[in-house]
Amino acid sequence: MKRIARLACMAMVVLWWLSCAPETTEDPFTYNPTPYAFDVPAWFPPMEIPAGNPTTVQGVKLGRMLFYDTALHPTGETSCAGCHIQQQSFSSAASVLPHINLAWNTAFLWDASVQGPLESIMLFEVEKFFKTDRSRLQNHPEYPRLFYEAFGTKVITNELIAKALAQWERTMVSGHSVRDMAVWADIGLFLTDEEVDGALIYYTEKGDCFHCHGGILYTDNLVHNNGLDAVPPLPGYGAVSGQDSDYGKFKTPTLRNITLTAPYMHDGRYQTLEEVIDFYSEGVKNSPTIDPLMKKVHLGGVHLSVKEKSDLLAFLKTLVDTSFIHDPNLKTPF
Amino acid sequence: MKQLKCFLCGSVLAGALFSLACHKDNNGSVTILFDHRVGAEPLELLAIKYHAQAGHLYSVERLKYYISNFALHREDGQAIRAAAPHYREVGVEETATLLLPDVPDGRYTSLSFIIGLDSATNKPNGLPQTVQNINMEWPIPGEEGYHYMKFEGKYDSMGSGVVKSFNVHTGATNNHPYYVEVSLPLTHLTIDKDSWSVQLVMDLNEWFQNPHTYDFEQFGPGIMANEAAQQMLHENGASLFSVADMQKQ
């Protein structure tokens with residue numbers, strides 16, 4: 001009898017322990033965001049990241065998947081990567097601006113019609129460009145879990161899609177061009193005489209490229225009328241500001257990886273860099289909104305010799321970062 | 001009892017030290033506002049309507065510049081200095097003011113500053129590598145530093161109807177620093193643990209007229225390597241600024 005009573009007591013203790021033990025039902029969702037460690041060259045400006053969207057390993061992973069997945073498109077026809085191709089410095093023949101170093105941009109698209117942090121342009125892409133059908137993501141076997149891991153919620157919103165894409169885009173840093181290595185990295189790499197002569201044209205008022213395409217980012221992030229047309233056929237930023245004085249102004253693209261980002265200009269009218277250099281040398285046209293920085297407009301351009309054009313082209317080629325276009329961390333995850 | 005005395009003494013001492021440490025909080029502050037006009041007119045961007053002494057009507061499209069080594073001078077000789085160079089860009093309101101947050105009591109008789117950067121700062125990476133600063137770089141090989149000022153616009157050449165551009169870009173050229181030193185008297189700035197604002201106004205016409213007549217036609221649209229133009233602007237720059245207003249907040 002004593003033995004039965006003892007067993008009964010033990011059984012009750014076990015039952016009590018089981019009833020008090022935490023539920024062991026496995027939750028497929030875990031939210032434990034890990035801060036993302038950026039690999040930004042020391043010669044770049046500090047990256048300003050909005051407090052409301054800290055970059056995490058999980059957010060970057062999600063953004064990368066969304067970037068390469070056709071799920072953002074309402075009928076799955078294309079993805080961000082359809083127009084922004086890594087081998088072309090995340091630009092393409094569609095004459096889109098390259099998606100590199102956007103973390104330091106505050107104005108987006110050729111007409112600078114979207115301004116603010118990266119989250120602003122990514123929200124534009126989701127809502128206005130793709131017109132994303134969120135149910136495609138919400139009903140997807142993977143995405144609700146990935147959103148939970150990145151943001152702590154399974155409810156997918158346009159804002160969260162934009163945040164994930166912005167986190168991913170901030171990792172697309174291109175800063176190891178030949179010129180970076182020669183100037184900043186102190187590894188004993190030197191430019192050739194031709195490239196140095198080209199730099200003299202670029203960085204003086206002879207060619208005067210640097211006033212718009214200057215600094216470590218090779219863009220001033222402003223809009224300019226660079227004299228493509230005597231009567232600009234498109235309003236550019238003028239349609240955004242509503243001011244006649246902004247008619248025909250377009251955003252300065254970065255010249256990093258410039259040999260990879262043909263065609264050139266906002267309308268893609270030039271197929272080669274030689275054509276672009278010829279334009280700035282002899283083809284600049286005056287118009288009421290021409291930028292004051294187009295200093296030789298009355299002469300039709302800066303008038304470079306054949307040798308000077310060749311030197312300038314050689315210098316432009318030093319702005320290419322081949323490690324960036326082969327970076328495995330930027331390739332498709334699929 | 002002895003322990004209590006020690007505790008009280010310690011508390012008093014700590015309080016005194018704390019009070020001394022916080023003494024700076026009892027100082028005043030001065031906000032400097034950098035404003036602009038052209039002759040007697042307020043600055044309006046883009047309109048070709050201002051009269052340069054050389055005879056041209058001109059407009060202002062962009063104006064960006066550095067103020068550095070800013071100091072308020074007290075009558076006893078003490079100088080209160082701004083911590084860092086100040087970047088001013090017309091149209092960007094957050095650059096309009098420079099705050100001196102901790103100005104000791106006393107009567108201040110003058111202020112001084114540099115338009116541009118001194119030689120210790122005007123060198124590669126002399127300023128923090130911000131997007132703002134890298135867009136002001138002066139990258140001419142062998143002369144790397146920063147533009148002191150980018151003042152850009154257009155002009156109607158002698159009323160002919162032919163509109164051309166000018167780019168008054170100042171900076172160090174051929175080892176000449178060319179920065180502009182400014183000193184202005186203050187008449188009644190007495191700090192008594194209070195906050196003041198001082199409005200400084202740059203008359204853009206002064207770049208082109210006092211003491212020398214600067215002619216856009218003479219120097220052309222790009223002057224970065226033009227020593228004569230830089231020297232003239234260096235000399236004209238001394239009379240640009242005036243104290244327009246001072247207010248106790």
Side-chain angles (χ1 to χ4, degrees), chain A residues 40-48 101 103-106 183-184 191 196-222 224-225 227 241 243-246 249 252 286-299 302 315, chain B residues 44-48 58-64 89 91-92 124-125 127-147 150-157 160-169 171 173-174 216-217 219-226 229:
Chain A
V40 177
W43 43 89
F44 266 48
M47 190 185 290
E48 290 182 15
N101 302 334
W104 292 275
N105 275 228
T106 52
V183 173
W184 299 97
L191 299 185
V196 169
D197 288 346
L200 271 172
I201 295 164
Y202 190 97
Y203 285 118
T204 64
E205 289 180 303
K206 172 70 179 171
D208 214 348
C209 313
F210 70 93
H211 273 116
C212 297
H213 298 284
I216 201 69
L217 301 172
Y218 296 89
T219 172
D220 61 1
N221 278 313
L222 300 178
H224 302 275
N225 174 352
S241 72
Q243 302 293 318
D244 291 343
S245 54
D246 290 322
K249 293 182 180 178
T252 309
N286 205 354
S287 64
T289 62
I290 188 80
D291 199 281
L293 289 168
M294 302 307 295
K295 297 169 187 169
K296 305 283 179 62
V297 62
H298 282 82
L299 302 173
V302 295
F315 173 74
Chain B
E44 178 189 346
L45 295 179
L46 298 169
I48 301 179
Y58 73 98
S59 69
V60 181
E61 292 205 9
R62 287 184 287 262
L63 179 62
K64 310 169 181 183
E89 178 174 346
V92 180
N125 301 314
L127 293 172
Q129 186 82 329
T130 63
V131 170
Q132 209 167 57
N133 290 335
I134 64 178
N135 280 333
M136 290 294 278
E137 283 175 3
W138 182 281
I140 295 175
E143 297 183 346
E144 292 92 341
Y146 298 88
H147 287 75
K150 292 182 179 179
F151 173 11
E152 298 160 1
K154 293 178 182 153
Y155 67 99
D156 180 345
S157 182
S160 66
V162 176
V163 176
K164 301 179 182 177
S165 68
F166 68 86
N167 295 270
V168 176
H169 289 189
T173 301
N174 293 336
F216 303 132
E217 289 285 331
F219 293 117
I223 60 162
M224 291 176 72
N226 188 325

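Computation of the quantities below employed the complete heavy-atom set of this structure, encompassing side-chain atoms and omitting hydrogens, waters and symmetry-equivalent molecules. Here is how names work: the chains are called A, B, and so on, in the same order as the sequence lines, proteins then strands, and each is numbered from 1. Note that the coordinates shown come from a computational prediction; the quantities given were computed from them, not determined experimentally.
The number of heavy-atom neighbours closer than 6.0 Å to CG of B:Asn174, taken from other residues, nucleotides and ligands shown, is above 12.
Across all non-hydrogen atoms, the minimal contact from A:Trp184 to B:Asn125 is CZ3-ND2, 3.7 Å. Minimum interatomic distance between B:Ser165 and A:Pro292 (heavy atoms only, all atoms of both residues): OG-O, 3.0 Å.
Remark: A:Tyr202 engages A:Phe315 in a ring pair (Phe, Tyr, Trp, His ring centres under 6.0 Å) (not counting sequence neighbours).
Contact of A:Thr219 with chain B is made through the backbone alone, with heavy-atom distances under 4.5 Å. Proximity to chain A (any heavy atom under 4.5 Å) is restricted, for B:Val163, to the backbone atoms N, CA, C and O. Residue B:Asn133 does not touch chain A at all, counting heavy-atom pairs closer than 4.5 Å. Only the side chain of A:Leu222 comes within less than 4.5 Å of a heavy atom of chain B; its backbone N, CA, C and O stay farther away. In this structure, no portion of B:Leu45 lies under 4.5 Å from any heavy atom of chain A. Contacts of B:Leu46 with chain A are made by side-chain atoms alone, with heavy-atom separations under 4.5 Å and no backbone atom involved.
Top candidate by heavy-atom pairs under 4.5 Å with chain A, chosen from B:Glu152, B:Glu61, B:Gln129, B:Glu137, is B:Gln129. Chain A forms more heavy-atom pairs under 4.5 Å with one residue of B:Lys150, B:His169, B:Met136, B:Glu143 than with any other, namely B:His169. Considering only heavy-atom pairs separated by less than 4.5 Å from chain B, the leading option among A:Thr204, A:Leu217, A:Asp220 is A:Asp220.
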**OP:** Show your working on side chain to side chain contact (heavy atoms under 4.5 Å, CB included) between B:Val162 and A:His298 and close with a plain yes or no.
**Re:** CA-CA 10 Å; B:Val162 176; A:His298 282 82; 4.0 Å; yes
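Put simply, CG on A:Leu293 and CZ on B:Arg62 are 5.0 Å apart, with the number rounded to the nearest 0.5 Å. B:Ile134 contributes atom CD1, which lies 10.0 Å from atom OH of A:Tyr218 (distance to the nearest 0.5 angstrom). The CD1 atom of B:Ile223 sits 9.0 Å away from atom NZ of A:Lys295, with the distance rounded to the nearest 0.5 Å.
Looking at A:Glu48 and B:Val131, their side chains never come closer than 4.5 Å, going by heavy atoms from C-beta outward.
Using modelled atom types, no side-chain atom of B:Asn135 and backbone atom of A:Gly215 make a donor-acceptor pair closer than 3.5 Å. Checked by atom type and distance alone, the side chain of B:Lys154 pairs as donor or acceptor with a backbone atom of A:Ile290 at under 3.5 Å.
Using the six-membered ring where Trp is involved, A:Phe210 and B:His147 have ring planes that are tilted, between 30° and 60° apart.
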